[in-house]
Amino acid sequence: IPFPSNLLFDDYLSSFDLVIFQNFKYDPFVDKKYLGNIQKYVQSGGAFLMIGGDLSFQGGGYSQTPIEEILPVHFRERPQSFVDASFQPTLNEEFIQHPILRLEKDLALNREVWQSLPPLQGINKGLVADKNAHVLAQYMKGEEPPVPILVTGNYGKGRSVSLATDSVWNWNLRNVGSGGSGRYFQKFWNNVIDWLIAEP
């Protein structure tokens, strides 16, 4: 069955609350002209989320496309491949009370929860946060420049988020596998989606 590009990114696009590209290389499935439709959709009040992986961001061929325009990050001129490294994301204290980061209402407990989550695996490193974007979490290692991991931004009337890793599932499966709960994994995604679609 051919990928229904014309239906998804033309006929029905305006009816969606949110478009998500998760480790998705568009070229084999979607004509480049439809990327401009997604840009117009976000500009008019839609929401877009890109989740990392080796086929996301630069790896998905999104450099200098309308998708790069709507993201809250831009790509370094020299492409950097997806790095398979384990890390604990560092929260940005400036945005510690951002709705997406609020896994618990109590601030002290919220910090404890974030520190207790299992580490993530894999980073899209060739990203730079846009001037007016909010970097909520980043990858920090020694003297290396920080890498924006979780970034939010506005584009026109719409909103976008970039998540430069594809392993947030660790917060669910690893926690449950060790006898814990996947509650914070669910809460995180509820927060991301609620913020993107401006849920009151």
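If you're wondering where the values come from, they're calculated on a predicted model, not measured in any experiment.
- Between Asn132 and Asn154 there is no side-chain heavy-atom pair separated by less than 4.5 Å.
- Classified by interplanar angle (parallel below 30°, tilted 30° to 60°, perpendicular above 60°), the ring pair Tyr26/Tyr62 is tilted.
- Of all heavy-atom pairs between Leu71 and Asp130, the closest is O-OD2, 3.0 Å.
- Within 6.0 Å of CD in Gln97 there are 12 or fewer heavy atoms belonging to other residues, nucleotides or ligands.
- Contact of the Ser44 side chain with the Lys157 side chain is not registered, since no non-hydrogen atoms from C-beta on lie closer than 4.5 Å.
- Placement of Val135 and Met140 in two distinct hydrophobic clusters is found when ILVMFWY residues are connected by side-chain heavy-atom separations under 4.5 Å, directly or transitively.
- Looking at Glu199, its side chain never comes within 3.5 Å of a backbone N or O of Ile193 through a donor-acceptor pair.
- When atom types are taken as modelled, the side chain of Glu68 and the backbone of Gln64 share a donor-acceptor pair closer than 3.5 angstrom.
- Going from atom CD1 of Ile20 over to atom CE of Met50 covers 11.5 Å, rounded to the nearest 0.5 Å.
- Transitive grouping of hydrophobic side chains (ILVMFWY, heavy atoms separated by less than 4.5 Å) keeps Ile70 and Val128 in distinct clusters.
- Checked by atom type and distance alone, the side chain of Tyr41 never pairs as donor or acceptor with a backbone atom of Ser15 at under 3.5 Å.
- Leu163 CG to Gln22 CD: the interatomic distance, rounded to the nearest 0.5 Å, is 9.0 Å.
- Without hydrogens or angle criteria, Asn110 side chain to Leu101 main chain gives a donor-acceptor distance under 3.5 Å.
- For the residue pair Leu35 and Pro66, the shortest heavy atom distance occurs at O-CB, 3.5 Å.
- At distances below 3.5 Å, at least one donor-acceptor pair connects side-chain atoms of Ser5 with backbone N or O atoms of Phe29.
- Under the 4.5 Å side-chain criterion, counting only non-hydrogen atoms from C-beta, Leu8 is in contact with Phe3.
- Using modelled atom types, one side-chain atom of Asn23 and one backbone atom of Asp54 make a donor-acceptor pair closer than 3.5 Å.
- Classified by interplanar angle (parallel below 30°, tilted 30° to 60°, perpendicular above 60°), the ring pair Phe188/Trp171 is perpendicular.
- A perpendicular orientation is assigned to the rings of Phe75 and Phe57, their planes being inclined by more than 60° (bins at 30° and 60°).
- When each of Phe16, Phe21, Phe9 is paired with Phe48, the ring pair (Phe, Tyr, Trp, His ring centres under 6.0 Å) condition holds for Phe21 and for no other.
- When all heavy atoms of Leu91 and Ala137 are compared, the closest pair comes out as CD2-CB, 4.1 Å.
- At least one donor-acceptor pair under 3.5 Å links the side chain of Asp106 to the backbone N or O of Leu109.
- Scanning both residues, Asp166 and Phe82, for their nearest heavy atoms gives OD1-CZ, 3.7 Å.
- In terms of modelled atom types and a separation under 3.5 Å, the side chain of Asn170 and the main chain of Pro119 share a donor-acceptor contact.
- Contact of the Tyr155 side chain with the Gln43 side chain is registered, since non-hydrogen atoms from C-beta on lie closer than 4.5 Å.
- For Glu104 and Tyr184, the side-chain atoms include at least one donor-acceptor pair closer than 3.5 Å.
- The shortest non-hydrogen separation linking Val151 to Pro72 is O-CG, 3.4 Å.
- Judged purely by atom type and a 3.5 angstrom limit, Thr165 uses its side chain to pair as donor or acceptor with the backbone of Gly122.
- Hydrophobic cluster membership is shared by Phe95 and Val113, with clusters built from Ile, Leu, Val, Met, Phe, Trp and Tyr side chains linked at under 4.5 angstrom.
- Between His98 and Trp195, the two ring planes are tilted [angle within 30° to 60°].
- Here the closest non-hydrogen pair linking Gln121 and Ser86 is OE1-CB, 3.2 Å.
- Note on Leu127: it does not cluster hydrophobically with Leu136, by side-chain heavy-atom contacts below 4.5 Å among ILVMFWY residues.
- The backbone N or O of Ile100 sits less than 3.5 Å from a side-chain atom of Asn191, completing a donor-acceptor pair.
- Contact check for Val147 versus Gln138: no side-chain heavy atoms found under the 4.5 Å cut-off.
- Two residues are said to be in side-chain contact when any heavy atoms from C-beta on lie closer than 4.5 Å; Thr152 and Arg159 fail this criterion.
- Side-chain atoms of Gln88 and Leu120, non-hydrogen and from C-beta on, never get closer than 4.5 Å to each other.
- Residues Lys125 and Glu144 meet the side-chain proximity criterion, which asks for heavy atoms closer than 4.5 Å.
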